[in-house]
Amino acid sequence: DTRSINKILFDCEYLILSRWYAPEHVLNVINLARENDKKIFLHLDDYLFSVPKSIGINKWRRYSSPQMLEALYAAAELTDGIIASTKLLADQIKSILPQSRVLVLPYWRSLSPKKCNGNDFSKRPYPVIGYMGTQTHAEDLELISTDLDYLLARNKSIVFEAFGMDIPQPLLEKYPDRCFALSKVESYHQFQSVLASLGWWLGLAPLTQNTFNYCKTNTKFVEYIQAGIPVIASNFGPYQ
């Protein structure tokens with residue numbers, strides 16, 4: 001409500017809108033910030049100006065609706081600047097909003113060897129290949145389903161696990177005893193703990209080539225490495 005927003009604006013020096021530019025609120029927040037002589041920035045960690053259907057039809061409808069896009073462009077143009085998570089994202093935003101001030105975070109996510117787990121491969125005495133991600137990445141996983149089919153057919157001891165999403169149906173039907181979907185978890189801390197405990201021999205990070213994915217961060221790669229899991233990633237965008 002207005003009173004809560006006013007209290008926040010009174011206490012802060014800068015106001016940063018992160019993934020928050022809902023049509024029913026954003027102009028009110030920006031106007032209140034201006035009335036309180038506060039600097040206001042929009043933080044983006046995805047290229048939300050052009051969201052593909054592959055992220056899921058419900059999310060696509062939300063982010064690609066005229067009302068949401070109008071609010072996003074208004075926030076981008078009326079704030080004091082846009083904070084982009086990566087240079088790739090910043091460059092893309094500048095190409096469509098050349099008049100906007102676009103700042104790049106000095107780093108997106110640090111990778112410290114001290115925070116990396118050592119993988120105990122003895123947990124899984126047979127080779128286990130894994131993929132972790134939400135169902136919004138189904139198209140990315142589909143990109144390598146033929147390769148997974150080839151590997152599973154060639155080596156009868158390989159197991160494939162998907163953490164947080166469904167196994168592609170053709171693989172599940174062909175290898176029901178060697179393809180498993182692991183249950184989702186409720187918190188990010190729990191996700192990190194479970195991922196580190198899986199003992200995967202290899203983690204996969206395929207990425208379909210489109211503008212949205214080109215602008216993404218390398219979070220998945222970092223999460224695998226921190227869990228002690230070797231990674232094969234697409235030579236594209238954040239993994240290039």
Side-chain angles (χ1 to χ4, degrees), residues 17-26 42-76 82 84-86 88-89 92-93 96 108-109 129-149 160-173 179-192 194-195 198 200 203-224 227 231-234 236-239:
L17 303 178
S18 184
R19 283 282 181 142
W20 197 87
Y21 55 87
E24 62 271 24
H25 299 302
V26 67
L42 174 66
H43 169 253
L44 295 175
D45 61 357
D46 272 323
Y47 188 57
L48 299 180
F49 297 91
S50 181
V51 174
K53 287 185 178 180
S54 59
I55 71 163
I57 195 66
N58 289 332
K59 283 189 175 182
W60 175 79
R61 284 174 178 158
R62 171 179 167 78
Y63 286 111
S64 64
S65 70
Q67 295 83 2
M68 287 296 283
L69 285 174
E70 184 178 337
L72 175 59
Y73 274 95
I82 302 168
S85 56
T86 68
L88 298 178
L89 176 57
Q92 198 65 37
I93 294 172
I96 62 169
W108 167 246
R109 183 164 182 164
I129 297 173
Y131 178 83
M132 59 87 171
T134 63
Q135 201 60 36
T136 60
H137 292 280
E139 192 173 273
D140 296 329
L141 183 54
E142 186 63 33
L143 189 68
I144 58 168
S145 61
T146 302
D147 302 288
L148 287 169
D149 185 8
F160 175 66
E161 294 180 346
F163 180 22
M165 64 182 300
D166 298 332
I167 299 286
Q169 197 61 31
L171 292 178
L172 191 59
E173 292 175 357
C179 288
F180 304 99
L182 308 179
S183 301
K184 298 176 183 178
V185 294
E186 296 300 321
S187 70
Y188 187 66
H189 178 75
Q190 189 180 6
F191 159 76
Q192 291 178 303
V194 171
L195 184 65
L198 293 175
W200 285 353
L204 303 174
L207 204 57
T208 52
Q209 296 194 19
N210 56 48
T211 301
F212 184 79
N213 282 342
Y214 180 79
C215 296
K216 291 182 76 67
T217 64
N218 64 349
T219 301
K220 188 186 295 290
F221 177 84
V222 174
E223 288 168 339
Y224 276 134
V231 190
I232 291 182
S234 293
F236 172 75
Y239 309 135

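Atom set for the values below is all heavy atoms of this structure, side chains included, hydrogens, waters and symmetry mates excluded. Source: prediction; values computed, not measured.
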Measure the spacing between CE of M132 and CZ of F191 and express it to the nearest 0.5 Å.
4.0 Å

Going from NZ on K184 to CZ on F163, what distance comes out if it is rounded to the nearest 0.5 angstrom?
11.0 Å

Indicate yes or no: at least one non-hydrogen side-chain atom of M68 is less than 4.5 angstrom from one of R62.
yes

So does P206 get a backbone contact from the side chain of K220, meaning a donor-acceptor N/O pair under 3.5 Å?
no

Taking the side chain as C-beta and beyond, is there a heavy-atom pair between I167 and C179 under 4.5 Å?
yes

Roughly how far, to the nearest 0.5 Å, is CG of N213 from CG of D46?
9.0 Å

Taking every non-hydrogen atom, the tightest pair across L141 and L148
CD1-CD1, 4.1 Å

In short, F160 meets G130 closest at the heavy-atom pair CE1-C, 4.2 Å

Nearest heavy-atom approach of Y239 to N218 is CE2-CA, 4.0 Å

Considering residues, nucleotides and ligands other than Y214, do more than 12 of their heavy atoms fall under 6.0 Å from its OH?
no

Could you walk me through whether Y224 and F221 pass the ring pair (Phe, Tyr, Trp, His ring centres under 6.0 Å) check?
CA-CA 5 Å; Y224 276 134; F221 177 84; 8.3 Å; no

Gap between atom CD of Q67 and atom OG of S65 - 0.5 Å precision
5.0 Å

For the CD atom on Q190, are there more than 12 heavy atoms of other groups (residues, nucleotides or ligands in this structure) within a distance under 6.0 Å?
yes

Interatomic distance, H137 atom NE2 to M165 atom CE [nearest 0.5 angstrom]:
8.0 Å

How long is the gap from OG1 on T217 to CG on L88, to the nearest 0.5 Å?
10.5 Å

Is the side chain of D140 donor-acceptor paired with the backbone N or O of T208 at a distance under 3.5 Å, no angle test?
yes

Do F49 and L44 come close enough that some side-chain heavy atom pair is under 4.5 Å?
yes

So, does W60 use its side chain to make a donor-acceptor pair with the main chain of V51 at under 3.5 Å?
yes

I55 and F212: which non-hydrogen atoms are nearest, and at how many Å?
CG2-CE2, 3.9 Å

Less than 4.5 Å apart, side chain to side chain, heavy atoms only: is that true for I96 and Y73?
yes

Nearest heavy-atom approach of K216 to P238 is O-CB, 3.3 Å

Looking at every non-hydrogen atom in both residues, tell me the closest pair between L17 and V26 and how far apart they are.
CD1-CG2, 4.0 Å

